[in-house]
Amino acid sequence: MAESNDAVSLDMEKIYLGGKEHFIRTGCGSVSVIVYGDQEKPALITYPDLALNHVSCFQGLFFCPEAASLLLHNFCIYHISPPGHELGAASVCPEDPVPSVDDLADQILEVLNFFGLGAVMCMGVTAGAYILSLFAMKYRERVLGLILVSPLCKAPSWTEWFYNKVMSNMLYFYGMCGLLKEFLLQRYFSKEVRGSVEVPESDIVQACRKLLEERQSLNVWRFLHAINRRPDITEGLKSLRCRTLIFVGDSSPFHSEALHMTSKLDRRYSALVEVQACGSMVTEEQPHAMLIPMEYFFMGYGLYRPCHFSDSPRSPLSPSCISPELLSPESMGLKLKPIKTRVSLGL
């Protein structure tokens with residue numbers, strides 16, 4: 001582990017359930033990491049989507065009791081925020097170089113080295129999923145497995161590039177204005193939870209909207225700038241040998257990206273779960289839909305959910321939705337087959 005003068009560690013118990021925040025100085029700036037759980041356990045690192053952090057991107061999943069018990073029973077969680085996206089972040093100095101996606105992936109390596117971590121499990125959402133996929137390609141020996149939610153792998157299409165450019169200009173000239181927040185909420189959530197004239201927006205959308213107000217526009221602009229200049233990593237996916245579980249909402253604007261990525265991965269070690277009536281951020285909108293696929297995924301590593309939750313209500317993914325072939329032993333553990341979920345909107 002690095003010497004104590006290489007980072008500042010702050011107690012964040014009042015913010016995140018006893019977690020502790022560390023600021024790690026890296027080659028491309030300081031990065032916030034919130035550590036939650038027993039550091040003797042294997043590590044699971046998370047990386048959120050654009051303009052989000054661990055609260056706005058993963059709180060729904062970790063507030064789901066069964067999912068939390070599954071994850072915290074097996075892992076110590078390391079929530080990495082993109083530079084300047086942590087709670088209470090100040091604006092990054094305008095003179096600081098804007099990091100590239102490679103810089104952000106390399107920054108993850110520095111975080112792992114600071115904590116003395118070897119191979120880790122990774123969970124990322126959209127832009128965060130891209131950064132973790134790139135990290136897994138560059139440092140294959142440091143990744144046990146990937147859980148990717150509405151991931152990106154291609155360079156931006158002309159439509160996405162233009163859309164991002166509009167958001168970039170709005171951030172630069174107007175800050176986190178109302179129209180920009182609407183653009184971001186459309187990126188994250190399905191129209192079912194965003195509401196309409198007749199139907200009010202859901203609590204999760206209202207909470208996310210409030211958290212977006214706290215983001216520093218320059219910091220979001222820097223992450224967006226990096227993501228909008230990302231290269232296509234499709235060819236590199238063929239070199240991945242870690243097992244990969246992909247979730248995507250069928251209403252996600254990145255649905256086709258997730259299907260493309262799944263088609264390029266080795267089918268022996270990967271699976272796609274499409275969540276119906278859901279946007280990009282499955283971790284917030286339909287976290288229960290992630291439970292059973294993650295359970296089977298972790299069983300391939302010899303991990304399991306603690307038995308004291310065995311009699312509690314199960315995921316909306318009923319056992320009848322699971323193909324029997326999902327349970328077939330394979331060289332890497334349990335074989336995951338592409339399945340679809342149908343989740344009640346009343347949850």
Side-chain angles (χ1 to χ4, degrees), residues 1-7 9 19-28 30-48 54 58 61-62 68 70-83 101-125 128-149 151 233 236-246 265-266 268-270 294-306 330-334 336:
M1 182 175 290
E3 295 294 327
S4 59
N5 61 0
D6 286 341
S9 176
K20 184 168 287 188
E21 184 173 34
H22 303 260
F23 287 97
I24 314 300
R25 295 192 183 99
T26 72
C28 59
S30 178
V31 62
S32 165
V33 183
I34 289 191
V35 182
Y36 187 58
D38 181 358
Q39 290 186 255
E40 296 300 312
K41 293 181 178 180
L44 183 150
I45 66 172
T46 73
Y47 209 101
H54 72 282
F58 297 103
L61 180 64
F62 283 90
L70 171 68
L71 295 170
L72 291 169
H73 178 76
N74 291 295
F75 299 102
C76 179
I77 313 300
Y78 296 78
H79 291 298
I80 302 176
S81 292
V101 288
D102 276 288
D103 291 332
L104 296 174
D106 293 342
Q107 193 174 59
I108 293 172
L109 180 66
E110 294 188 66
V111 169
L112 266 55
N113 290 341
F114 172 83
F115 288 107
L117 302 175
V120 299
M121 188 71 68
C122 299
M123 179 187 295
V125 177
Y130 177 93
I131 299 297
L132 291 177
S133 299
L134 179 60
F135 172 73
M137 284 167 25
K138 296 182 71 169
Y139 306 103
R140 284 183 290 175
E141 73 283 357
R142 304 301 288 269
V143 178
L144 287 173
L146 289 168
I147 301 171
L148 307 175
V149 181
I233 58 172
L237 296 175
K238 298 174 182 177
S239 67
L240 288 180
R241 286 297 175 264
C242 63
R243 299 172 73 235
T244 305
L245 177 60
I246 294 177
L265 291 168
D266 190 325
R268 295 173 296 172
Y269 310 131
S270 62
M294 286 197 305
E295 280 190 293
Y296 287 120
F297 185 70
F298 292 148
M299 285 170 66
Y301 296 90
L303 306 173
Y304 60 94
R305 189 164 58 115
E330 289 285 290
S331 60
M332 290 287 285
L334 299 176
L336 293 168

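This chain uses plain numbering: 1 for the first residue, then up along the sequence. Quick caveat, the model's predicted, so the values are computed rather than measured.
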[X] versus [Y]: any side-chain heavy-atom pair under 4.5 Å?
| X | Y | result |
| --- | --- | --- |
| M121 | P42 | no |
| I233 | V101 | no |
| T244 | L237 | no |
| P48 | V125 | no |
| I246 | P151 | yes |
| I45 | V111 | no |
| K41 | F75 | no |

I need the [X] [atom1] to [Y] [atom2] distance, nearest 0.5 Å.
| X | Y | atom1 | atom2 | value |
| --- | --- | --- | --- | --- |
| Y78 | T46 | OH | OG1 | 12.0 Å |
| H73 | L303 | NE2 | CG | 8.5 Å |
| I77 | M123 | CD1 | CE | 7.5 Å |
| F297 | L146 | CZ | CG | 7.5 Å |
| Y301 | R243 | OH | CZ | 5.0 Å |
| L44 | C122 | CG | SG | 7.5 Å |

>> Before we go on, tell me: are the rings of H79 and F62 under 6.0 Å apart, centre to centre?
In response: yes

> Would Y36 and H54 count as a close aromatic pair, with their ring centres under 6.0 Å?
Replying inline: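 Between H54 and Y36, which both carry aromatic rings, the centre distance is not below 6.0 Å.
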
For the residue pair [X] and [Y], what are the closest heavy atoms and their distance?
| X | Y | value |
| --- | --- | --- |
| L117 | R142 | O-NH2, 2.6 Å |
| V149 | A129 | O-CB, 4.2 Å |
| I24 | V33 | CG1-CG2, 4.1 Å |
| C76 | D38 | CB-O, 3.0 Å |
| S239 | M137 | OG-CG, 4.5 Å |

>> Heavy-atom count check: over 12 atoms from other residues, nucleotides or ligands less than 6.0 Å from K238 NZ?
In response: no

Residues which pass side-chain hydrogen bond (donor to acceptor under 3.5 Å, both in side chains) with [X], listed by chain and number, not counting sequence neighbours:
| X | value |
| --- | --- |
| S32 | E21 |
| D102 | K138 |
| S133 | none |

> Excluding sequence neighbours, so at least two apart, what forms ring-ring contact (aromatic ring centres under 6.0 Å, His included) with Y130?
Replying inline: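 Counting only residues at least two positions away or on another chain, Y130 forms no ring-ring contact (aromatic ring centres under 6.0 Å, His included).
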
>> Just to verify, what does P83 make a side-chain contact (heavy atoms from CB on, under 4.5 Å) with, not counting sequence neighbours?
In response: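 Listed in chain order: Y47, L104, Q107.
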
> What orientation do Y139 and F135 show, parallel under 30°, tilted 30 to 60°, or perpendicular over 60°?
Replying inline: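 Because their plane-to-plane angle lies in the 30° to 60° range, the rings of Y139 and F135 count as tilted.
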
